[in-house]
Colleague: 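The structure follows.
Indexing begins at 1, ligand by ligand and atom by atom, following the structure's order. Keep in mind that what you see is a predicted model, and the values were worked out from it rather than measured.
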Amino acid sequence: MREPHIRMRNVPHIMESCHTYKLSRHVTQNVLIPAVARGVAGKAFATVFQRSPLALGALPGTKLASAADMRGKTIGMHVDSLELMSSLLSLSGVAARVTQVQRAHKVQELLAGNVNAIQIYDCMEALELRDLLGEAPSILRLCDLATNAPVGRAIPLGYSQVIFGAKWALRPLAARVALTAFLEASAEGWQMAQANPAAAAAAILDDRAALGVVTGTKVDSVEFQQEALMRCLPYVMQTDDEKIGTINPEVWQKATYAMAITGYSPALVPQCNSLDTSLWKYSKECNQSANNSLITDGVQVSESMRKEATIRAGAFEMRVGRKPSLAIISVGKGHPHGQQRKTLFAQDERSWFNKAALCEAVGISPIEILLPENASFGAVHDAIQTLNQRADVDAIILQRPVPSTLDADVLGSYISAEKDVDDERRSSGYADGGGLMASQGIFQESRDLQLDAALTGADEPLARPPTPPWLSSPAAVLPCTVVGVMHLLHRSSLINHVCEGLTVVVGRSPQLGAPLARELIKANATVVVCHSNTSFSQLRDLCLRADTLVVAAGSPGLITKDMVKPGALVINCGTTFCPDLKKLLPDVHDDVAHVARFVTPTPHGVGPTCAAALTLNTLTLAEAAARRRDLETRHKMTVSRELMRVADNVGSDIPKWSHDSCLRTDSPIIRRTFARASYRDASKLIADMTVLAERANHHPSFSINPSRTCEQEGGCDVVVELSTYSERAVTLADVALAQRFDALA
Ligand code: NAP
């Protein structure tokens, strides 16, 4: 019995078309994202499951209710899920061994006892295992492990069985038609399975026969297929009214960011590089930003950037247990026109001149440090150093301008590279390695003089201070305005235009023109840079040849209509505030709009993207720091897991220690008595041992003089016992500490 509409879809034919375009491939998101980050040009366009059915399977009767049950056990994972499992365990604080198993041999490894649990999908594979073992295996679902984790210890698993294709293969119309037919047939199939599982199971068997994949085993029975369908359905069907198999871009991006934080992915992958939502549309308008063609000005671009920042901040908080943070240092009165510009041009939560509100609106914690107008160089320097050290501070910005007695460039250079959110170090010219510093010898000297005086309290410098260690490392992010302009070009698809012709950048400041020109070159643009020493006739000639003109000179009305090529794209960065007119004056004259294809407006052009870039830069720094901490923790866990191995060579490594069992717990222990001349010496020995034990995160048991009545009898004994309680065994960790104690004796 089968439903006629399933046959109508002609699944084998559809599958064949998909094979032709090499499109019907499945992979988990945590495999696809790192591959894309490494440069593989693949995009996901649909998914089989809405939730991950990834699970651990163990022999029937094995206790497997929570991650804690895996303590000290060996888990067999496929090569592409080793990282994921290690991360989940390290977040759960469980020391277990994760080892690679081959897909084809994993069940044999489990049966042979080489591993205590193996990676399976909690649908077909769980059933196959049950049939093989004769009773249901113990199962621990990884999505439960991930979602039940306390705040700060959760990892969104993302999608498993993602359907993806090479970017080039997704373009041809014929491929898209074939794929849409395939996805429609799949969706109908699942709906039918929900309404009539028996008919759906029969249809699957027919299709398997037509595709030539009949195995002759139990898998080919209607009962098995029906049961498998029932088991898959909770993972496939959606709770709301979305189309089956569509990928929610928000869920996708959250998992992608979490991967970048936890170190699976070598770099952050923008959603547009890894996901194609146009083929199999997710119907909620939750991802306006993916639809680049809608975006035409800086405000719209900044909205999509703020949306991304909000998602990333949420993912960060879920993973790290606190909000990402930006420290904002203000000295004195602040920007003379800041308040006025904020009132005139932007709402609080979108304004560069209200960074606290800007941050809070997207889920970043602002940490405001207000210093008085008369704050000394030393006081601001110390405030920066304190923030550099604070683990709860992810990013730092020094608000400009600062009072005229201080040098903002010099002070900004003390922000450490990994927290420098507006690349103030590069802007000041200090961070560019030896070359640039040498060519700016005078500047460097004046900076040292200021620092000397500040540190010593002397009027005259005493000696050159040592070069701060971070001075030679570049900041991790680009200046916010550069990031804003690049987002504007990418998110509005204008970047393709930029790469096709000649690009002229007017302005070469280290904080804007120069790094922007470098970024454009990196994006494959052909770039010419002009500056104040470029003659006006040369500037006009070059501008007239430019297909893209980026102006960052700070000279109102510099570029006029007769300097612009018809049809050119013009990005105006230059904004000079005129308080009398209450206007922002652009470098690009209004009449340019008559010849150019597109001119960014002023206000509401580059400005809003620059403010939004501050939030994205904060997140990039926060994610990188979390990732560093995660890798460190995992390294420590790997080392401690290694030490958890049961020691089998105790006799030869620590001959002075005897084996025994603990009276209270009956666990194996090792014991040694250290004789000391006096009670005072014995106490000193215990204090020294305690320091070593704390460093090794170990807690031995000490007793003093248990077998003597008085030190006058001939000294004082310290009896030390070591055992690893969690393993109920003497481990390598005990042996290592015993050796250190021996060295004290
Ligand atoms: P800057 O440090 O003063 O640098 C200006 C650059 O323009 C210099 O490289 C200078 O050349 C060049 N220049 C000046 N006059 C020129 C002329 N007539 N012809 C050719 N080149 C000329 O300023 P900046 O910090 O880079 O900022 C530039 C503009 O962008 C300013 O208006 C600023 O307010 C604006 N800005 C806007 C945003 C935003 O969010 N929209 C953000 C940051 C800055 P030399 O190197 O030879 O001196």
Colleague: E303 and R350: which non-hydrogen atoms are nearest, and at how many Å?
Modeller: OE2-NE, 2.7 Å
Colleague: How about D382 and Q385: does a side-chain donor come under 3.5 Å of a side-chain acceptor?
Modeller: no
Colleague: Taking atom types as modelled and ignoring hydrogens, do the side chains of S274 and W252 form a donor-acceptor contact shorter than 3.5 angstrom?
Modeller: yes
Colleague: Give the protein residues with at least one non-hydrogen atom closer than 4.0 Å to an atom of ligand 1, ordered by chain and number.
Modeller: T481, V506, G507, R508, S509, Q511, L512, H531, S532, A552, A553, G554, L558, C573, G574, T575, V606, G607, C610
Colleague: Are the aromatic ring centres of F353 and H335 under 6.0 angstrom apart?
Modeller: yes
Colleague: Is a donor from one side chain sitting under 3.5 angstrom from an acceptor on the other, for T620 and R312?
Modeller: yes
Colleague: Just checking, is any N or O donor in the side chain of T600 or N572 under 3.5 Å from an acceptor N or O on the other one?
Modeller: no
